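Fair warning: this is a prediction, and the values are worked out from it, not measured in the lab. Positions are given from 1, in the same order as the sequence printed here.
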Amino acid sequence: MLQTPRAKAVILDADAVRRCWRRIAHEVIERQPALDQLTLIGIVTRGVPLAHRLAATLEELEAVRPPVIALDIRSYRDDLPRGTGSPPEIPHALVHDRPVLLVDDVLFNGRTVRAAIDALIAAGRPTMIQLAVLVDRGHRELPIRPDYVGKNVPTSLKEWVDVHLQEVDQEDSVRIIERAEP
């Protein structure tokens, strides 16, 4: 009989998610000298609304709203069968010779980010690629490190980080889910 996973802990509520993301916006402003050239790339699914939130906050704080591109990286994954998904269409002019900020909800083993970088480089040559994540849970398999992190959450491999965003899930929260034993 399958057991449903249970929430072990709520690590971020809606206010904490908002505060983390606003802090990241301030860090981007401090460390990104060419804010008017920046392109935000939201990794599908929850990276996209986070990228739009970041763009809106940057506009609120600095009167500059970077363009946001949604990136589906399935065709670049090395752990999915060849031919999964179609190659993403990334406008060359929005990545070539511009700084790019990849945005995702959770950084785990690094394979999603590696696939996103491959997709970006296929579209053009950014001057810089940075990474912003809401949660870094560790367990990297590749040498990838985020530039901006909302919260570091050490987890075991038996746990899962469950991110809910208003735009997708009708609420903002981050929970640790304990996986059921097989």
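- The list of side-chain hydrogen bond (donor to acceptor under 3.5 Å, both in side chains) pairs with a residue in residues 100-109, not counting sequence neighbours, is empty.
- The closest donor-acceptor contact from the side chain of Trp21 to the backbone of Gly150 lies at 3.5 Å or more, if one exists at all.
- With sequence neighbours left out, Thr155 forms a side-chain hydrogen bond (donor to acceptor under 3.5 Å, both in side chains) with Arg137, His139.
- Here the straight-line distance linking atom CD of Glu141 with atom CZ of Phe108 works out to 7.0 Å at 0.5 Å rounding.
- Within the 4.5 Å cutoff, side-chain heavy atoms of Val28 are placed close to those of Leu35.
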Exercise. Under the side chain to side chain contact (heavy atoms under 4.5 Å, CB included) rule, what do Asp97 and Gln37 come out as? Steps first, then yes or no, please.
Key: CA-CA 9 Å; Asp97 284 336; Gln37 291 296 305; over 6 Å; no
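- Under the side-chain hydrogen bond (donor to acceptor under 3.5 Å, both in side chains) criterion, Arg98 pairs with Thr39, not counting sequence neighbours.
- Under the side-chain hydrogen bond (donor to acceptor under 3.5 Å, both in side chains) criterion, Glu62 pairs with no residue, sequence neighbours left out.
- A search for side-chain hydrogen bond (donor to acceptor under 3.5 Å, both in side chains) contacts involving Glu60 returns Arg22, not counting sequence neighbours.
- Separating the CZ atom in Arg18 from the CG atom in Leu12 is a distance of 12.0 Å, to the nearest 0.5 Å.
- Remark: Leu54 CG to Tyr148 OH distance equals 9.0 Å, nearest 0.5 Å.
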Going by atom type alone, with no hydrogens or angles, which donor-acceptor pairs under 3.5 Å involve a side-chain atom of residues 114-125 and a protein atom two or more places apart or on another chain?
| residue | atom | partner | partner atom | Å |
| --- | --- | --- | --- | --- |
| Arg114 | NH1 | Asp118 | OD2 | 2.2 |
| Arg114 | NH2 | Tyr76 | O | 3.0 |

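- From Arg31, atom CZ reaches atom CD of Gln130 across 6.0 Å, with rounding to the nearest 0.5 Å.
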